[in-house]
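Just so it is clear, the structure is predicted and the values come from calculations on it, not from any experiment. So you know, we letter chains A, B, ... as the sequences are listed, proteins then strands, and number each from 1.
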2 protein chains.
Amino acid sequence: MKIDPNSPDDLSAQIATALREAIVDGSLLVDARLPSEAELAAQFNVSRPTVREALKRLAAQSLIRTQRGAAGGAFVNRLSYDEARAAQVTTSTLLLSMNQISFDTALEARYALERACAPLAAQHRSADQLADLRAEIHRQTQPGLTDEAFCASDTAFHRTLVEAASNPVLSWHLAGAIEAMQPLMNVITFTARSREVIVQHHTDIANALEARDASAVLASLDALETYTGDLGDKVFAARAR
Amino acid sequence: MKIDPNSPDDLSAQIATALREAIVDGSLLVDARLPSEAELAAQFNVSRPTVREALKRLAAQSLIRTQRGAAGGAFVNRLSYDEARAAQVTTSTLLLSMNQISFDTALEARYALERACAPLAAQHRSADQLADLRAEIHRQTQPGLTDEAFCASDTAFHRTLVEAASNPVLSWHLAGAIEAMQPLMNVITFTARSREVIVQHHTDIANALEARDASAVLASLDALETYTGDLGDKVFAARAR
DNA sequence: CGGCTTTAATTGTCTGACAAATGAAAATCG
DNA sequence: CGATTTTCATTTGTCAGACAATTAAAGCCG
């Protein structure tokens, strides 16, 4: 772990990189305690504020956690799925908003990913997950439901579908992707969407999962994608006018 | 944007969150210049080192870039696909290594995701991309190729396949996911893999893409997954002994 | 007008200090 | 002796002030 004062990078960035590599390659195991800030400063031959900036960089990526007090310090953090998803959602949301992704592109990506889990979901879905899906559908039929609540239930439905695949790695990738695209989807929802049609597609999906019929799940997802895509075209055509 | 000195969170974390929200919700547009560190310190009523820690947190997520000098400062960064992918790979790699994901789970997720882009790739693949795939296959048949070079070519092949879908959002999600799983895949590669079999599957995929035959692409991917899965079982069975 | 110098603004880094939290050791008391 | 309280050392969190390095713009000169 060496630091070059003449590098174009900041010292704090170099130190953060050195520590990050030690964590990624396993030199620093989960829950291991890093040297104290004063010790790190001495090791790298920099001041404590510089070390602190490096540690804050790692903390921003949830790679470490810090604790004050006698037995305190910085500890290697076990990255949880929730933290990882939160990070992914932030990144993904910004990527979508900053690069002018069209609704069509986002929709295509979203359903391509969701189709990826359909066969596994049909195979592995539990009775509980099926019940959860039915419960969300029921909620979506309630009269007097606000648009916000309908959207939340819609998201929950798709998230349960993703989790029915019973693959945590897959769930992590898909949940983050779908969650990040939700705001874009809501643009449509709040203006033009017919709840009856959506609920019908959701019911089809739930039925297909109950029958463990993967191709029927895929067909229902295709229908939902087509419907949403047509709505999107209408909304954006109306806007352009 | 208010800061609570009695919050359980650090001041720098609160400031980072406030600024991050301003970026995400669009109050701070791409390339906008943030106030100088001294101004931020005055606004939030904290010291400059505290502001700097907050800014380093944002820099760690590639949300801002900083520049020294007279017209310098911190600027909202346009998140590029490359930066986003690098961040995703780091997160994803750690998630896999820290949560003891089994080879089977990773393999299942990886091929589920790759299948997601197969129909789109068959539809949208360009002649150039097809040529790239053929070139990688040719490289993989060269005698005297090191294991490292073979793995690199394998990764390039799959990455080109993903990019053939011509959907940047999808490519971003998939490329990050596949890249992060590569080390796990290499465990297999370096011990038991037959290059001839792999090359044959790659050739099948390229042929199917040339014919724009989505179901043939899916079938070839399935075959490759099955082959890799069987190899994995053997390797881990041998290890357990 | 073009090139050079100066200047002001801004980030990067350092030093030294104090506050706050916290666990462990020491002291005290029943 | 045992339990409780107190003290203390360690460590992170925050602050103030300073100087160095960088850089764009303003000013100056030929």
- Message: Need one value for A:Arg65: base, sugar-phosphate or nothing, where a base atom within 4.0 Å counts as base even if backbone is also close, heavy atoms only.
- Response: nothing

- Message: On a heavy-atom basis, which atom in B:Tyr81 and which in B:Pro168 lie closest, and how many Å separate them?
- Response: OH-CB, 3.5 Å

- Query: Taking OP1 and OP2 of D:dT10, is either one under 4.0 Å from a side-chain nitrogen or oxygen of A:Arg68?
  - Reply: no

- Query: Charged N to carboxylate O below 4.0 Å: is that the case for A:Glu136 and A:Arg139?
  - Reply: yes

- Task: Please figure out whether A:Ser47 or B:Pro35 has its closest DNA chain C nucleotide nearer the 5' end.
- Result: B:Pro35

- Item | Distance, rounded to the nearest Å, where B:Asp10 contributes CG and D:dT11 contributes C1' | 13 Å

- Message: If the cut-off is 4.0 Å, is A:Arg48 near the phosphate of D:dT14, judged by side-chain N/O to OP1 or OP2?
- Response: no

- For the helix from C:dC1-D:dG30 to C:dG30-D:dC1, figure out the bend between the end axes, five pairs an end, and round to 10 degrees. 20°

- Message: Do A:Glu163 and A:Arg159 have side chains that approach each other closer than 4.5 Å (heavy atoms only, starting at C-beta)?
- Response: yes

- Query: Starting at the 5' end of DNA chain C and moving along, which residue's nearest nucleotide shows up first, A:Ala71 or A:Asp9?
  - Reply: A:Asp9

- To the nearest Å, how far apart are B:Arg33 CZ and D:dA24 C1'? 12 Å

- Give me the first and last nucleotide of DNA chain C, going 5' to 3', that has any atom under 4.0 Å from a heavy atom of chain A. C:dG12 to C:dG23

- Item | Protein-nucleotide distance (B:Glu37, atom CD; D:dA21, atom C1'), rounded to Å | 14 Å

- Message: I need the CZ-C1' distance between B:Phe44 and D:dT14, as an integer number of Å.
- Response: 16 Å

- No-hydrogen, no-angle side-chain donor-acceptor test under 3.5 Å, B:Gln140 and B:Ser153: yes

- Taking atom types as modelled, find out whether A:Ser12 and A:Asp10 have a side-chain donor-acceptor pair closer than 3.5 angstrom. no

- Item | Distance, rounded to the nearest Å, where A:Ile64 contributes CD1 and D:dT12 contributes P | 10 Å

- Message: For a quick check under 3.5 Å, do B:Asp9 and B:Gln14 share a side-chain donor-acceptor pair by atom type?
- Response: no

- Item | Residue pair A:Arg110 / A:His158, side-chain donor-acceptor N/O under 3.5 Å | yes

- Rounded to whole Å, the CZ-C1' distance (A:Arg52 to D:dT14) equals 8 Å

- Figure out the CD/P separation between B:Glu53 and D:dG13, and round it to whole Å. 7 Å

- Task: Looking only at non-hydrogen atoms, find the nearest pair between B:Leu96 and B:Ala180 and report the distance.
- Result: CD1-O, 3.8 Å

- Item | B:Arg20 and A:Thr90 side chains, donor-acceptor separation under 3.5 Å | no

